[in-house]
Amino acid sequence: MERVVLVTGASGGVGLALCRRLLEEDGRIHLCIACRSAQKSIATRDLILAAHPAAQVSTVEVDLGNLASVLRVARELRCRKVLHMLTTAEGIMTQTDRLNGDGLQEVFATNLFGHFILVRQLESLLCGNENPSRLIWTSSSNARESAFSLSDYQHARGKESYSSSKYATDLTSVVLNRKFNKQGLYSSVVCPGLVMSNMTYSILPVFLWKLLMPIMWLIRFFAKTYTLTPYNGAEAHVWLFKQKPEYLDALVKYHSCTSGLGKNYVEPRKIVVDEETAEKFYQKLLELEKQVLEKYSDLLD
């Protein structure tokens, strides 16, 4: 059976590097790239095909911070009836937050809730297949329990929305495994390490990065999580792609690491989450899903 891989955030950074590395590992997969605009999707597909001209590459246009967009692409993917693996690549790195058009906190919606809705809409494709399906969520070492609150899970009142959304991602993955492993769906979380991408470079002026980069390469001799390049940052994603998901530990986060001499490897680290909190949070996600989907009934089958 054809292996289909959907990569969100595929137009740059870890997402684009992941697409290239997956095709290097298995040129027979059907790669489906998801980007926010048709223009980016086409440009990304052309980049990938330039290096892998025989690859099967299709595109979908989706803004994971916009529920109408998520529901439309979910319906499109269900019509294709071909999806065996979902991997999230990049979200919003900034801690600055605001309400989006759906009345949700933007960082929460983009980093977690949009993906959650997509997974829920694709359950019929992801569950009950001959071969296991898997979700690979890009989390972060910055996912901190102290930044997350059940009473404010969208982080409307805090100043650490990115950290909160990534901890929420860890919680969600743990619960999904408990609920769906028996149906053949497995979820994992990865941390790409410190990756220099377009989003990273936008944080500081260019001249400062030119001064800092030699120092950062030097730090990598002592800090293995300074993966620095998107190619290195995708190491854990690619490693998981090659594993049998049913043998993985649901309470482990897989970290991309790079040695000072440039050797890539994966380091598993236990996720510190309270499973009762994870279950309560999952129920809140279901309640929120019910609320927000009422106005999009025309996009539901």
Rounded to the nearest 0.5 Å, how far does SG of Cys127 lie from NZ of Lys182?
13.5 Å

Mark yes or no for whether Arg3, through its side chain, and Leu31, through its backbone, hold a donor-acceptor pair below 3.5 Å.
no

Pairing donors with acceptors under 3.5 angstrom, does anything connect the side chains of Asn66 and Ser69?
no

Carboxylate-amine/guanidinium contact Glu25 Lys242, below 4.0 Å
yes

Is there a donor-acceptor pair under 3.5 Å between the side chain of Asn129 and the backbone N or O of Ser133?
no

Charged N-O contact under 4.0 Å between Lys295 and Asp102
yes

Looking at Glu246, I'd like to know if its CD atom is crowded, meaning that more than 12 non-hydrogen atoms belonging to other residues, nucleotides or ligands lie closer than 6.0 Å.
yes

If we count only N and O atoms by modelled type, under 3.5 Å, do the side chains of Gln105 and Asp97 hold a donor and an acceptor together?
yes

Modelled atom types, side-chain donor and acceptor of Glu279 and Gln283, under 3.5 Å
yes

Do any N or O atoms from the side chain of Ser139 and from the backbone of Val189 form a donor-acceptor pair under 3.5 angstrom?
no

Side chains of His155 and Ser165 only: does a donor on one sit below 3.5 Å from an acceptor on the other?
no

Between the side chains of Tyr254 and Asp249, does any donor sit under 3.5 Å from an acceptor?
no

Check Glu76 with Arg72, please: is the shortest side-chain N to carboxylate O separation under 4.0 Å?
no

Would you call Glu267 and Arg269 a salt bridge, taking side-chain N to carboxylate O under 4.0 Å as the test?
yes

Going by an N to O cut-off under 4.0 Å, is there a salt bridge joining Arg178 and Glu275?
yes

Among side-chain atoms of Ser173 and Ser187, is any donor-acceptor pair under 3.5 angstrom?
yes

Arg21 to Tyr231 six-membered ring, cation-pi geometry met (6.0 Å, 45°):
yes

Under a 3.5 Å cutoff, is there a donor and acceptor pairing between the side chains of Ser188 and Trp137?
no

When every non-hydrogen atom of Leu64 is compared with those of Val70, the smallest separation belongs to CA-CG2, 3.8 Å

Testing the 3.5 Å rule here: is there a donor-acceptor pair between the side chains of Thr110 and His115?
no

So Phe113 and Phe108, would you call those rings parallel, tilted or perpendicular, with 30° and 60° as cut-offs?
parallel

Closest non-hydrogen contact found for Phe241 with Arg134 is O-NH1, 3.3 Å

